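Everything numeric here is computed off the predicted structure, so don't read it as measured data.
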Amino acid sequence: MASDSKQSKYLTVYIHYNGLFARKPLVYLNAVVVSIRDVDFGAMDFKDFNLFIAKLIEGSCDNVYYCTRNEPLAEGIRSIRSDADYFEFIETGYSDEAGLRMNVYIDHENEPVLDWADMEVMEDDEGHYSEEDLDDDIDSQLSDDVPYEHEADDYIPSLDKTIGDEFLHRVSGMCKDIDDEAETDEVETKNGDDKPVYPIHNENQKWDKMVPILGMRFSNPMELKNCLTNYAVKNGYNLYFEKNDSQRLLVRCCKENKNPSCPFRLWASWMSSERSFQIKSLVDEHNCSRVFKLGSIVTYKWIGMHFKNQLVKNPKMSIRKMKAKVSTKFNLIVSVTQCRNAKRYALDEIEGSLMEHYGKVWSYGEEIMRTNPGSTVKIDVNVMPDSTTYFSKMYVCFKGVKDGWIAACRRVIGVDGCFLKGICRGQLLAAMGRDANNHIFPIAWAVVEVENKETWKWFLDLLLDDIEMGIGHGLTLISDQHKGLIEAVKERVPAAEHRQCARHIYANFKKRFKGEQYRKLFWAAAASTTQPKFEAEMNSIKKIDPLAYEHLMERDPKSWCRAFFEVDRACDAYENGISESFNSIIDLARKRPLITMLEEIRIYAMERMYKMLQEGQSWGNLKICPSIRLKISKLKKQQRFWGVIPSGIQQYEVRIGNDGYAVDLNNNTCGCRSWQVSGIPCVHAVAAISYLNRNAEDYVAPWFHTSMFLTCYNHTINPLNGSSMWPEAPYMKPLPPQKRRLPGRPTLKRKKDQSEMESKGKTRHTISKAGSVNRCTICRERGHNRSTCPTRPADVASTSRPKNKKPKKCKKEKGKVEPVQVDPVQANPVDPVQVPAPQVDPVQADPVDPIQVPAPHVEPVQEDPVDPLQVPAPHVEPVQADPMDPVDVPTPPVDPVQVDDPHPDVDVPAQPVATRQRIRKYSERITKIGLRRKVLKKEGSTGHNPMVLE
């Protein structure tokens, strides 16, 4: 072994790979670094180490170099080519100079690295290194071909490939943030003439690293103010500007009435020898405590610049949430007004950048046409009467993509639209194909203001011209149930087969007909490949509820059931999953501005075509694609349960129980129609093929062969230049589309169906009553409860209802006699029976009045028209009249009752009393009694109650 086992610690090795060496100075650029700390490299030899590195980087490692972390790369680089070199590498790593840390570099380009290192050391010793050489070398480095970074087969695409373009990410929230790390300011040095050279402020430096330095130079006073604001916020210093104009700046800490002893003082003005604003004097000492309210030095513009990227991603951020973020991030207290002004300022800055962004749409289209001849780019604008131009829609289809689809893809396309989620509003329409491995193949995409019939007709016209399908003969389209899309397909592609996504069909079906039984029967009917089986499943639904059967039959089963699909398309899909997959992949890109999003999609498609080509070439001699091989292997396990009965030449009857299907291997057909629809042998066909000891892969449709996969991805999308090199177009620059506000609160996430939530394990713990209809417990009818039931008897208590909610009035029914008010003195001709006066509830009686008073006249209640009681009411003095009675009904005169009045001189006029009195609540009666007692106590009564009737 290479190292002795006496070592108590493992060697830490930093492996740099997927990069390239560059000269002058010798560096390793664009590397992926992996640190290994738990591997005993001392127990390996050169062969074991080489195998370990190859497995780690998933590639070859013929040229391996190492260097200690304490030496420059040009001086300490060594190669590892044999066991002797590896032993030296281990000994160097365990030496005191290395400190158990070593760097390992993998050269993928077979560069003469050691020769470069020797030349560099010699040039340093002889002093031959000039600035011209450095400049020339930079150009040569940029002109070198950088090797493409290979990833694993199951690579996940990254949609941040344009993050380095300042223009594309100026309004996308992905540009360099104020909080990002940057180089520090240059320190003060001296040249040969002993003249001081003061540092220059770096405005791209991280905000909490900015510190004022004596002699530091700024391009203008605003840069210095921003630096001082960051410095004050970081440390909590209460700085203020004592003198502040365009020529000078005087800054102190703490006003005199707070802490006059803080010695901090800064003076800055313009330099006389150059056009720079310089700090001339600085006392950077503080003896004050930290404060959290910094006053006017923290402006709304400073807050807005720090939140600009966040507002691009979330323009609907609330003011109070911004205030809380400022408090958490900067340990600072600001007002709501400052945050409101900061948000308005940031959105105005974004809006100005957005206009510039849309202004380069024409240039972007010209660049695509220049680099990819034969591609299709269509841009539509809306021209207003005042000649103002607004962006409307844009369509993109690359030459390499449509050539690959025409050459080797099945004639099945999924079309769908999705919303844009960022600061740019609209919808993205996309057409997705299927490659030979049954994966997505992006064909064309377009951005429109709204998804409707006109935009879909425009999109389909351009798409059909690109893929050369005319009016759709031999073409299959799969989509959702969007009404505009359905009508557009009928008008523009009348000869095409139009399938509708069964998932959307079931989502609408489930809204009216819920239940697990419905779900199983629906999906069984959708997966049926023969018409008798489909009818059997639909009859089962019809037995449960005929309305459910009619609902599904109205949706045209030919568009969502396999039993009615065309047999020459080699695709049995009844779901538009490929479009949903693409929408999920570009979810992050949909939050970016228009051109940035289109560039992310283009780069994703371009890189994916290269990756798929590399993957297909790695399959070797496989005849069919891996996903199809996986399906065949599953069918081979299932075919052993089926019995095969030969009938003729290449003709068999395959049976299990009562089920039997005729298989014809000459014509590649089966009685179940699954083979004809999908292009892949079904389980019955696999059983017949296995009966002959043949390979089922030989009977797969040519659309799924590896050769078709390689032909599809053999075409490429040519690269584009950066945004700064796009050609200018001779057209008027369009403005962003006019805002179209929809009713309700906008949502960012797609509304998922309950079935999708259940499939991911997100279920409710209690059942939901949303959409359920109440059933009355009295009459058992739907639409009301027992409180509002028209047949509820009077003696049945009603259920409680919320406060301030009036009960629903029952509708008048024909044949019912309304109560008629009759003079209480006259006899009642309807009811000759004399009704005695009702007993007065002792709780309802006034406790102040000890004398029994005849029951007042009670008007018949309208809720009970059968028994209107007419009871004469006595005359009551106005003092006892309840002011809360809402209705005054005149009563017949009654003989006056003598009352002991302590004030006989006061004449109180008699007033009529309402005969229909509302029964007061218990709390109201208690309050009434309390008021009367206070009146008696105030008048000095000694026991005689003037309100008691005698």
Could you work out, with side-chain contact (heavy atoms from CB on, under 4.5 Å) as the rule, every residue matching [X], not counting sequence neighbours?
{"X": "A696", "value": "I632, K636, V686, I689"}
{"X": "Q517", "value": "L521, I544"}
{"X": "F564", "value": "Q531, F534, P557, K558, C561"}
{"X": "A444", "value": "Y395, C397, L463"}

Between [Y] and [X], is there a side-chain donor-acceptor contact under 3.5 Å, judged purely by atom types and distance?
{"X": "S627", "Y": "N437", "answer": "yes"}
{"X": "S579", "Y": "N576", "answer": "yes"}
{"X": "T455", "Y": "N452", "answer": "yes"}

Backbone N/O of [Y] and side chain of [X]: donor-acceptor pair under 3.5 Å:
{"X": "E566", "Y": "E497", "answer": "no"}
{"X": "R673", "Y": "F565", "answer": "yes"}
{"X": "S690", "Y": "A687", "answer": "no"}
{"X": "R780", "Y": "R775", "answer": "no"}
{"X": "R411", "Y": "I406", "answer": "yes"}

How long is the straight-line distance from [atom2] of [Y] back to [atom1] of [X], given to the nearest 0.5 Å?
{"X": "K623", "Y": "H705", "atom1": "NZ", "atom2": "NE2", "result": "5.0 Å"}
{"X": "D403", "Y": "C409", "atom1": "CG", "atom2": "SG", "result": "11.5 Å"}
{"X": "R434", "Y": "I440", "atom1": "CZ", "atom2": "CD1", "result": "10.5 Å"}
{"X": "W405", "Y": "E468", "atom1": "CH2", "atom2": "CD", "result": "9.5 Å"}

Partners meeting salt bridge (charged side-chain N to carboxylate O under 4.0 Å, His left out) with D435 (sequence neighbours left out):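 Counting only residues at least two positions away or on another chain, D435 forms no salt bridge (charged side-chain N to carboxylate O under 4.0 Å, His left out).
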
Does the side chain of [Y] come within less than 4.5 Å of [X]'s, by heavy atoms?
{"X": "R590", "Y": "N583", "answer": "yes"}
{"X": "K631", "Y": "N438", "answer": "yes"}
{"X": "R512", "Y": "N508", "answer": "no"}

Sole candidate of H498, H504, Q500 that passes side-chain hydrogen bond (donor to acceptor under 3.5 Å, both in side chains) when paired with S479: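 With S479 as partner, H498, H504, Q500 yield a single side-chain hydrogen bond (donor to acceptor under 3.5 Å, both in side chains), made by H498.
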
Heavy-atom neighbours of K453 NZ exceed 12 at 6.0 Å: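 Check passes, neighbour count above 12.
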
L630 atom CG, neighbour heavy-atom count above 12 within 6.0 Å: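 Result for CG/L630: enclosed.
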
Verdict with supporting geometry, Y518 and Y506, ring-ring contact (aromatic ring centres under 6.0 Å, His included): CA-CA 10 Å; Y518 281 126; Y506 175 70; 9.4 Å; no

For N658, side-chain hydrogen bond (donor to acceptor under 3.5 Å, both in side chains) partners two or more places apart: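 N658 satisfies side-chain hydrogen bond (donor to acceptor under 3.5 Å, both in side chains) with no residue once adjacent residues are dropped.
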
CA sep, side-chain torsions, deciding dist, call: V677, T529, side-chain contact (heavy atoms from CB on, under 4.5 Å): CA-CA 8 Å; V677 173; T529 55; 5.9 Å; no

Option among F513, W560, Y549 that satisfies the ring pair (Phe, Tyr, Trp, His ring centres under 6.0 Å) test with F522: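 With F522 as partner, ring pair (Phe, Tyr, Trp, His ring centres under 6.0 Å) holds for just one option, W560.
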
